[in-house]
Structure formats: structure tokens, C-alpha cells
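Data block below; observations after.
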Amino acid sequence: MFLIVGQGNPGLQYARTKHNVGFWVLDRLASHFKLRGNALIAEARFQRASGEWVLGLLVKPTTFYNATGEAVAPLARFYRVPPERILVVHDELDLRPGRLRFKAGGSSAGNYGLESIATHLGSRGFHRLRIGIGKPPTPEAGAGWVLSGFHPDLKPVMDRVVQTAAEAAKTWATEGLEVCQKKYNGLNLAVPSERIEPEQA
């Protein structure tokens, strides 16, 4: 059993903002979600190369971004999903648009949604798929930056990123974190022919 959690804010006014890219990825994986508790949920069945099916849930919390843990932790407890079988898909200021990166655990780096998940789970051992949105022009502009949309020129790039991230989330569920890190962490989808060494930001 796995959980793939998209971070975002509920409501049409937030739907196209940078903060909601996690929801965009889940919407590529399922077209119908049902409300259950504090989340919109869809069942997922992904097939391994061996033919075996793995089952899980796609989760779009209906809490606001900074309270994501209130939706995630009850589901994890009910379905007995350990932290290492939870993937949180979220926007990342420290990566440029066109980049994505898998990570296990670590600091929330000021992401209050991640901090909420860690607090409610009692663990930082969950996995993360970080979607680059780039830095705001000044640190003080951060809140407005994440709650604004992407520049129209970036639409083709973000379409590639979201589609690749959806495929990557499937790979995580079926093949695991290490395979995903090797396959996806070096990609630069802003320049599809370019591959960056994984250790570079």
C-alpha cells in the first residue's frame, strides 16, 4: 500500500498557482476523486514489470497547504502505510522550473506543509518529489510568488514537468526511490536534451 500526496490549496482561486503543482500531477494520474474526511481521494493500481500490481491512494488534501498533515496522517494510520511508502509531491523554490528531484526525509526548509506532515506523522521519513518553481525576485515576495501563476512562456516547460512527474510517481510506487533518483533527478525539462548531474541544483 502506498500514498501519493499532492500539496496544494483547495478552491478555484488557487487552482493555477505555483503552490498547486502537486495537485496538477495527481490530476494526470486520475480524473475522478471522492471526498473522504479531509481529502479528495482516488484509488490507484500500477503494474510492475513483473506483472504484479501495487495498490494505493492518490490524495489531494482539502485542508489548506500549511495543514496538509491533518489529512495525511489519519489516512496513513488507517491504512497502516509507513512513512517510506508515502510520496509527497510539492513545489520547490530551490529548484528552477524544468527540474524535479526525489528526496527521502530531511528538513522542510520552510515548507509549512511538509512540517505539518512530519509533525502529524511523527516522522520525517516520508519521500518527496520536489517540483521546481524558481525563486521570487526578493525573499519578501515569497508568499505572493507561490500564490501566483507561472509566466505564460513557461507553460510548455511546466506541461512537460507535470507529465514527467506523473510518470515518475508511478515509477516510485512500482520500482522505488533509488530507481527514481537515478532516472529523474538529473533531468532538465526546460532544455529536454540536457541532463544535469544529480548533485547540481
Side-chain angles (χ1 to χ4, degrees), residues 1-8 20-34 36-37 39-61 68-69 71-92 95 98-106 111 113-114 117-118 120-121 123-132 157-189 192-199:
M1 187 74 180
F2 61 82
L3 300 180
I4 298 177
V5 179
Q7 280 196 300
N20 274 42
V21 293
F23 282 8
W24 301 359
V25 173
L26 266 65
D27 286 339
R28 296 289 178 102
L29 294 171
S31 56
H32 299 289
F33 289 79
K34 294 182 178 179
R36 187 184 307 172
L40 292 167
I41 292 175
E43 295 182 356
R45 297 174 73 247
F46 302 142
Q47 192 170 25
R48 292 190 167 116
S50 65
E52 178 188 7
W53 291 91
V54 291
L55 308 179
L57 296 177
L58 309 176
V59 181
K60 297 197 297 184
T68 307
V72 175
L75 288 169
R77 286 194 293 268
F78 183 83
Y79 290 101
R80 299 180 181 178
V81 180
E84 64 272 15
R85 291 299 288 162
I86 299 172
L87 178 68
V88 181
V89 186
H90 66 91
D91 54 302
E92 177 58 69
L95 292 176
R99 300 295 313 283
L100 50 81
R101 181 171 293 178
F102 280 89
K103 182 178 181 180
N111 184 316
L114 295 176
I117 295 171
H120 285 83
L121 282 180
S123 170
R124 296 183 181 274
F126 54 91
H127 295 173
R128 296 156 54 185
L129 174 50
R130 304 158 65 204
I131 308 293
V157 173
M158 294 312 301
D159 282 346
R160 287 195 293 269
V161 168
V162 171
Q163 183 59 40
T164 302
E167 294 164 3
K170 286 185 181 181
T171 303
W172 171 84
T174 56
E175 300 183 47
L177 180 70
E178 186 175 346
V179 169
C180 288
Q181 289 175 319
K182 291 178 179 177
K183 185 173 182 179
Y184 296 103
N185 282 12
L187 296 181
N188 181 5
L189 295 165
S193 62
E194 180 182 345
R195 184 173 181 87
I196 299 172
E197 291 303 314
E199 66 269 19

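- Nearest approach of Pro61 to Gly6, heavy atoms of both residues: CD-O, 3.1 Å.
- A donor-acceptor pair under 3.5 Å is formed between the side chain of Arg160 and the backbone N or O of Leu189.
- Between Arg101 and Glu92, the closest side-chain pair of non-hydrogen atoms is not below 4.5 Å.
- Within the 3.5 Å criterion, the main-chain N or O of Gly8 finds no donor-acceptor partner in the side chain of Asn20.
- Under the 4.5 Å side-chain criterion, counting only non-hydrogen atoms from C-beta, Lys103 is not in contact with His127.
- Contact detail for Arg99 and Leu95: the closest heavy-atom pair is CB-CB, 4.2 Å.
- In this structure, Glu43 places its CD atom where only 12 or fewer heavy-atom neighbours from other residues, nucleotides or ligands lie under 6.0 Å away.
- Counting heavy atoms from C-beta on, the side chains of Arg28 and Gln163 come closer than 4.5 Å.
- Between Glu84 and Leu177 the shortest side-chain heavy-atom distance does not fall below 4.5 Å.
- Summarising the geometry of Tyr184 relative to Leu100, their closest heavy-atom pair is CB-CD1, 3.5 Å, with the distance given to 0.1 Å.
- When all heavy atoms of Arg77 and His120 are compared, the pair lying nearest together is NH1-O, 3.7 Å.
- Across all non-hydrogen atoms, the minimal contact from Ala30 to Leu58 is CB-CD1, 3.6 Å.
- Residues Arg48 and Glu175 are not in side-chain contact: their nearest non-hydrogen atoms beyond the backbone lie 4.5 Å or more apart.
- The closest side-chain heavy-atom distance from Leu57 to Tyr79 is below 4.5 Å.
- Of the possible donor and acceptor atoms, one in the side chain of Asn111 sits under 3.5 Å from a partner among the backbone N and O of Leu114.
- With Val59 as the partner, the side chain to side chain contact (heavy atoms under 4.5 Å, CB included) test is satisfied by one option alone out of Ile4, Thr68, Leu87, Leu75: Leu75.
- Taking all atoms of both residues into account, the shortest heavy-atom contact from Phe46 to Ala173 is CD1-CB, 3.7 Å.
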